[in-house]
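See structure below.
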Amino acid sequence: MRVTRSFMPQTVRTTIKKISGQQSTDEGDLLAVEEPLEIRLVYHAGKVTQQKSVSVTMRTPGNDEELAVGFLFTEGIISSIHDISDVGYCKPDNKNIICVQLSDTSGKEFAIPERNFYTTCSCGVCGKASIEAVKTVCTVPETFDTIRIPSSVLYGLPGKLRSTQDIFDNTGGLHACALFDTVGNLLLSREDVGRHNAVDKLIGAALLAGMVPLQEHVLMLSGRISFELVQKAVMAGIKIVAAVGAPSSLAAEMAEEQGMTLIGFLRGERFNIYSGAERILMK
C-alpha cells in the first residue's frame, strides 16, 4: 500500500492583548490550527473510477493519512489495511481533501454508515443519523484474553502521556491519547483538536504499522471518555481504556457490554474502575 504524506502547520502565531489586574500588554501567542478534512473513498465500479465523500471533520493538520485510515477502520467501512491500496491528498495543492483508494475487492461491498456530512472537532457521533448507526459491528477477532496490568503501572501513564503533548504545551488547546504496553512503555501517541480525531490517528498509525488488533495494549486518554471513544477502542480490540477524566453513562454501558476495563479519574495514585476490574492487579 502506498501512503503519500504531506504536512501543514499545526500552530499559528497571533498577537493578543493580555490582561492582568489593571495592566494590559500586547504579546505574541500560539494557537492550535483547526482546519476541515474531507475524507473520500476512491473505488472502481465496473470500469468506472468513482469518488464518494464519507466525512468532513475539523482537525489539527498532521497525520491526516492515519486519521483517514483510522476513521474508516473504526467506522467499520474497512476491516483491515489490505482493503486499502493508496492514501494521499486528492490534489497536491489542497491538503484538506484526502483520498483513500480501495483495493480491488473482487465484488466485496463496503458499508458506508449513515452520517451527516459535517462533524465537529468535538463530536464524531453528532454526525451519525441515529444511535443505531453508531453501534458499528466489530471485525476484530476474539482471542484468549490474558491482559493484566498492575495499578502501579497505571499511576505513571498520565505523566508519560503529558510528556508527549508538544503542541498542547505551546497552545493549551489539544486533546491527546497514547498506546502503552502492560509494563508502561509508551508505544504511540497522537494529539488533535478533536478527541475522536486523536484516537482515529492513533488507531490508524497502529493499523499502518501492523499492530492491530491491540488486545495487549492500554489506551490512555487526556480528557473525558465518551461513547464514541469506547466504540473506536472496541473496533481496534483494545481491552483497557484509562483517562484522567470521567466516562459518560453510555461509555460505561458499552464498556460493560463489550467486556472492556474502563478506568476514569486516573490522577496521582487514585482511579475509579467502571468495568472489568479483574484486569487490574493491585500492586
Side-chain angles (χ1 to χ4, degrees), residues 1-6 8 34-140 190 192-194 196-208 212 227-229 231-232 234-236:
M1 185 190 71
R2 186 171 68 92
V3 178
T4 304
R5 300 185 185 276
S6 187
M8 294 173 64
E34 183 178 25
E35 291 272 347
L37 180 70
E38 179 183 350
I39 301 172
R40 295 181 182 177
L41 287 180
V42 181
Y43 57 96
H44 298 293
K47 296 182 178 181
V48 179
T49 300
Q50 296 190 2
Q51 288 189 17
K52 180 179 180 64
S53 291
V54 293
S55 180
V56 174
T57 188
M58 301 303 295
R59 97 299 191 191
T60 301
N63 308 108
D64 289 336
E65 302 82 7
E66 296 170 357
L67 173 55
V69 170
F71 170 83
L72 294 175
F73 179 76
T74 60
E75 291 291 321
I77 298 173
I78 62 171
S79 58
S80 79
I81 200 62
H82 302 297
D83 290 333
I84 298 174
S85 62
D86 189 20
V87 183
Y89 296 105
C90 300
K91 296 180 180 179
D93 60 344
N94 188 338
K95 301 302 189 292
N96 286 329
I97 305 176
I98 195 162
C99 283
V100 181
Q101 173 77 54
L102 299 179
S103 303
D104 181 4
T105 59
S106 302
K108 176 181 176 180
E109 293 185 0
F110 289 86
I112 310 301
E114 287 187 72
R115 174 179 283 276
N116 296 329
F117 187 66
Y118 171 75
T119 61
T120 69
C121 68
S122 62
C123 185
V125 162
C126 301
K128 291 295 181 70
S130 65
I131 195 66
E132 288 76 18
V134 172
K135 295 187 175 180
T136 312
V137 176
C138 183
T139 59
V140 173
R190 292 293 183 268
D192 198 273
V193 71
H196 66 286
N197 289 336
V199 172
D200 275 339
K201 287 180 178 181
L202 190 75
I203 293 175
L207 198 64
L208 289 167
V212 175
F227 165 81
E228 61 181 332
L229 301 187
Q231 180 247 343
K232 290 177 184 296
V234 168
M235 291 297 291

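Keep in mind it's a predicted model, so treat the numbers as computed, not measured. Hydrogens, waters and symmetry mates play no part in the numbers below; they use all other heavy atoms, side chains included.
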ask   = Tell me the disulfide bond (SG atoms under 2.5 Å apart) pairs involving residues 40-84, sequence neighbours left out?
value = none

ask   = For the side chain of Ser80 and the backbone of His82, is there at least one donor-acceptor N/O pair under 3.5 Å apart?
value = yes

message = I need the His196 NE2 to Gln231 CD distance, nearest 0.5 Å.
response = 11.5 Å

Check against side-chain contact (heavy atoms from CB on, under 4.5 Å), Ile97 and Arg40 = CA-CA 7 Å; Ile97 305 176; Arg40 295 181 182 177; 3.5 Å; yes

request  = Give a yes-or-no answer on whether the side chains of Asn96 and Tyr89 include a donor-acceptor pair shorter than 3.5 Å.
outcome  = no

task = Identify the two heavy atoms, one from Ser85 and one from Ser103, that lie closest to each other, and give their separation to 0.1 Å.
result = N-OG, 3.5 Å

task = State whether Arg190 and Glu66 are salt-bridged, where the test is any N-O pair (Lys NZ or Arg NE/NH1/NH2 against Asp/Glu carboxylate O) under 4.0 Å.
result = yes

query = Which one of Arg59, Lys201, Lys95 satisfies the salt bridge (charged side-chain N to carboxylate O under 4.0 Å, His left out) criterion with Asp64?
reply = Arg59

query = With sequence neighbours left out, which residue pairs that include part of residues 36-98 fulfil the disulfide bond (SG atoms under 2.5 Å apart) condition?
reply = Cys90-Cys99

Spatial distance of atom CD (Glu34) from atom CG (Asn197) [nearest 0.5 Å] = 9.5 Å

ask   = So, do Leu67 and Thr57 sit near enough that their side-chain heavy atoms are less than 4.5 Å apart?
value = yes

message = Using side-chain contact (heavy atoms from CB on, under 4.5 Å), reason through Glu228 and Val199 one step at a time and then give a plain yes or no.
response = CA-CA 10 Å; Glu228 61 181 332; Val199 172; over 6 Å; no

query = How far does CG of Leu72 sit from CD1 of Ile78, to the nearest 0.5 angstrom?
reply = 5.0 Å

ask   = Closest heavy-atom contact between Ala68 and Ile39?
value = CA-CD1, 3.9 Å

message = Using the side chain to side chain contact (heavy atoms under 4.5 Å, CB included) definition, which of the options Ile84, Ile98, Asp83 pairs with Val69?
response = Ile84

Exercise: do Asp200 and Thr74 side chains pair donor with acceptor under 3.5 Å = yes

query = What's the verdict on side-chain contact (heavy atoms from CB on, under 4.5 Å) for Glu75 and Met235, showing C-alpha distance, side-chain angles and the deciding distance?
reply = CA-CA 8 Å; Glu75 291 291 321; Met235 291 297 291; over 6 Å; no

query = Do you know the tightest heavy-atom contact between Phe73 and Ser79?
reply = CE1-O, 3.5 Å

ask   = Once you round to the nearest 0.5 Å, how far does CD of Gln101 lie from OH of Tyr43?
value = 11.5 Å

key: Full working for side-chain contact (heavy atoms from CB on, under 4.5 Å) between Leu41 and Ile77   = CA-CA 10 Å; Leu41 287 180; Ile77 298 173; 4.0 Å; yes

task = Mark yes or no for whether Asp192, through its side chain, and Thr60, through its backbone, hold a donor-acceptor pair below 3.5 Å.
result = yes

